[in-house]
Amino acid sequence: MTRRGVRSGRGRAVRRGLATLCALAALALAGCSAGPNAASVSAAELRGGSLAGQLDLSGRQFTVGSKEFTEQQVLGKITLYALRAAGAEVKDQTGLNGSAIVRKALESGEVDLYWEYAGTGWTQYLGHDRPVPGEMAQLRATAGEDARKNGIRWLGPARFGDQYAIARAADAPGPAGEVDRLGQLRELQEEHPDELTLCGASEFLDRELTPLQETYGLDIPTPQVYQNAFALNFVNVAKGSPCRFAEVFTTDSRLESLDLKVLEDDRNHFTTERAALTVREETLRENPQLKELAGELGDKLTEDTVIDLLDMVDRQGQTADEAALHFLRTNGFIGS
């Protein structure tokens with residue numbers, strides 16, 4: 001059984017933990033943190049690892065961006081501390097609200113680099129309707145076209161890929177609990193229309209809901225689609241209110257901790273989107289060591305590693321800074 005599969009037999013324990021998880025979600029949404037932040041970690045603490053020995057970015061200045069969800073914030077913080085370990089001065093612009101905003105910031109120079117996903121680049125920034133089959137083929141196509149048209153380079157890449165999915169509670173009662181494949185949602189819609197309720201964050205609902213419904217022949221009534229912050233998707237679908245189904249990412253640790261079942265994508269609608277560090281061509285030209293930095297970090301960013309890092313934040317209540325520093329220390333990038 002993979003880490004993405006069904007986690008059954010723990011429903012009551014999961015329900016008892018929902019109050020704690022709701023509190024953690026509330027803290028995340030409020031931006032509360034008792035852990036370290038970029039300003040509180042000294043340069044001396046970041047020395048002693050491989051990055052300080054291999055790279056010299058002394059006197060260089062960078063602004064690191066990210067989107068707002070946990071995975072992006074952790075990736076942004078990893079990059080921020082890695083740059084500091086190599087001697088650079090860094091400004092923190094992680095946690096920007098949505099793909100369009102952070103990409104615009106990159107193009108305008110307000111942000112120098114951030115981690116992006118090949119499928120997002122292909123459809124949202126390059127305007128293609130259909131993905132390229134194969135995650136590495138998609139990455140190569142996105143990177144090549146983005147470099148030619150927009151002067152944006154894709155570095156790394158990471159060894160994990162993100163993918164949208166739809167999930168339900170593993171022990172969901174009634175007709176919704178019998179849905180194991182996305183293809184079964186059409187039958188659910190026809191026979192039990194009130195059961196087809198969906199939670200999603202704004203970006204998913206804006207970009208992905210219509211194509212998903214076209215692929216699977218769905219027509220979910222607007223009052224049965226609930227827009228909320230991404231972190232709340234997991235809690236809401238685990239308790240079955242206000243939605244029976246929710247948008248998730250396949251790398252998210254809350255799939256396991258909240259005992260959620262990912263529905264099989266039987267028509268292969270969603271594609272795996274390999275992550276890479278995006279940077280403007282002129283920034284890379286002035287700082288060629290960024291390519292080596294992205295390669296070093298990306299090689300250690302496997303799917304299991306990312307799942308564990310997200311678990312530290314989303315379930316254990318640590319900060320994105322703490323998860324990032326743990327990753328860098330564990331891999332010898334900074335001193336212990």
Side-chain angles (χ1 to χ4, degrees), residues 4 67 69 71-72 75 98-104 106-107 114-167 179-189 196 198-220 222 225 227 230 233 245-252 262-279 281 298 301 303 306:
R4 296 178 179 175
K67 305 176 198 182
F69 55 90
E71 180 174 290
Q72 275 279 300
L75 292 173
S99 297
I101 290 176
V102 70
R103 169 70 177 212
K104 184 176 180 180
L106 178 69
E107 292 174 343
Y114 81 99
W115 291 86
E116 186 54 276
Y117 308 97
T120 301
W122 187 248
T123 58
Q124 187 160 349
Y125 310 142
L126 297 173
H128 296 283
D129 294 328
R130 297 292 178 184
V132 175
E135 59 183 280
M136 287 306 297
Q138 177 67 87
L139 175 65
R140 287 191 292 269
T142 301
E145 187 170 330
D146 211 10
R148 291 193 306 273
K149 291 184 174 180
N150 303 311
I152 302 296
R153 296 288 299 275
W154 292 62
L155 307 180
R159 290 174 59 196
F160 81 96
D162 236 357
Q163 184 174 316
Y164 279 123
I166 302 297
V179 176
D180 297 322
R181 297 179 288 106
L182 288 175
Q184 294 175 294
L185 291 175
R186 174 85 177 261
E187 182 180 346
L188 181 71
Q189 175 184 271
L196 186 50
L198 177 71
C199 286
S202 60
E203 186 166 322
F204 175 84
L205 298 180
D206 291 342
R207 287 175 44 200
E208 300 290 339
L209 182 56
T210 296
L212 175 67
Q213 294 196 100
E214 290 174 349
T215 297
Y216 284 100
L218 302 173
D219 185 15
I220 307 174
T222 300
V225 177
Q227 180 176 316
F230 179 73
N233 286 344
F245 303 93
E247 162 215 1
V248 296
F249 287 144
T250 54
T251 51
D252 204 292
V262 171
L263 304 187
E264 179 189 346
D265 183 8
D266 42 335
R267 296 186 184 177
N268 299 311
H269 173 79
F270 295 121
T271 57
T272 301
E273 302 187 19
R274 188 66 74 98
L277 188 63
T278 58
V279 57
E281 180 71 49
L301 285 167
E303 181 177 272
V306 171

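Model, not experiment: these values are computed from the prediction.
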Side chain to side chain contact (heavy atoms under 4.5 Å, CB included) against [X], all qualifying residues, sequence neighbours excluded:
| X | value |
| --- | --- |
| Val179 | Gln184, Leu185, Leu188, Phe245, Leu263 |
| Ala137 | Val132, Arg140 |
| Ala143 | Trp154 |

Subject >> Side-chain donor-acceptor contact under 3.5 Å, Gln138 with Thr271 >> reply: no
**OP:** Please determine, by modelled atom types, if Gln72 and Tyr117 share a side-chain donor-acceptor pair under 3.5 angstrom.
**Re:** yes
Just to verify, what does [X] make a side chain to side chain donor-acceptor pair (under 3.5 Å) with, not counting sequence neighbours?
| X | value |
| --- | --- |
| Glu247 | Asn233 |
| Arg181 | Asp266 |
| Thr278 | none |
| Arg267 | none |

Original post:
Considering only heavy atoms from C-beta outward, does the side chain of Glu303 approach that of Val306 to under 4.5 Å?
Top reply: no
Original post:
Is Leu182 close to Phe270 at the side-chain level, that is, under 4.5 Å between some pair of heavy atoms?
Top reply: yes
Could you give the distance from [atom1] ([X]) to [atom2] ([Y]), rounded to the nearest 0.5 Å?
| X | Y | atom1 | atom2 | value |
| --- | --- | --- | --- | --- |
| Thr251 | Gln163 | OG1 | CD | 10.0 Å |
| His269 | Tyr164 | NE2 | OH | 10.5 Å |
| Thr272 | Phe160 | OG1 | CZ | 11.5 Å |
| Thr142 | Glu273 | OG1 | CD | 8.5 Å |
| Trp115 | Leu301 | CH2 | CG | 5.5 Å |
| Thr210 | Leu218 | OG1 | CG | 11.0 Å |

Applying salt bridge (charged side-chain N to carboxylate O under 4.0 Å, His left out), can you list everything that pairs with [X], at least two apart in sequence or on another chain?
| X | value |
| --- | --- |
| Asp252 | Arg254 |
| Glu107 | Arg103 |
| Lys149 | Glu145 |

Subject >> Pairs satisfying salt bridge (Lys or Arg N to Asp or Glu O under 4.0 Å), at least one member in residues 207-216, at least two apart >> reply: Glu203-Arg207
Original post:
Can you list every pair that meets salt bridge (Lys or Arg N to Asp or Glu O under 4.0 Å) and has a residue in residues 116-128, with sequence neighbours left out?
Top reply: Lys67-Glu116
Subject >> N/O donor-acceptor pair under 3.5 Å between Gln213 side chain and Ile220 backbone >> reply: yes
Subject >> Check: Ala158 main-chain N/O paired with Arg274 side-chain donor or acceptor under 3.5 Å >> reply: yes
Taking all non-hydrogen atoms of both residues into account, name the closest pair between [X] and [Y] and its distance.
| X | Y | answer |
| --- | --- | --- |
| Leu139 | Ala118 | CA-CB, 3.7 Å |
| Val262 | Ala165 | CG1-CB, 3.7 Å |
| Arg153 | Ala147 | CD-CB, 4.1 Å |
| Tyr114 | Val102 | CE1-CG1, 3.5 Å |
| Ala275 | Pro157 | O-CB, 3.3 Å |

Original post:
Crowded around Gln227 CD? As in, over 12 foreign heavy atoms under 6.0 Å?
Top reply: yes
Subject >> Stepwise side chain to side chain contact (heavy atoms under 4.5 Å, CB included) test for Asp162 and Thr120 >> reply: CA-CA 10 Å; Asp162 236 357; Thr120 301; over 6 Å; no
Subject >> Steps toward ring-ring contact (aromatic ring centres under 6.0 Å, His included) verdict (Phe230, Phe204) >> reply: CA-CA 9 Å; Phe230 179 73; Phe204 175 84; 9.3 Å; no
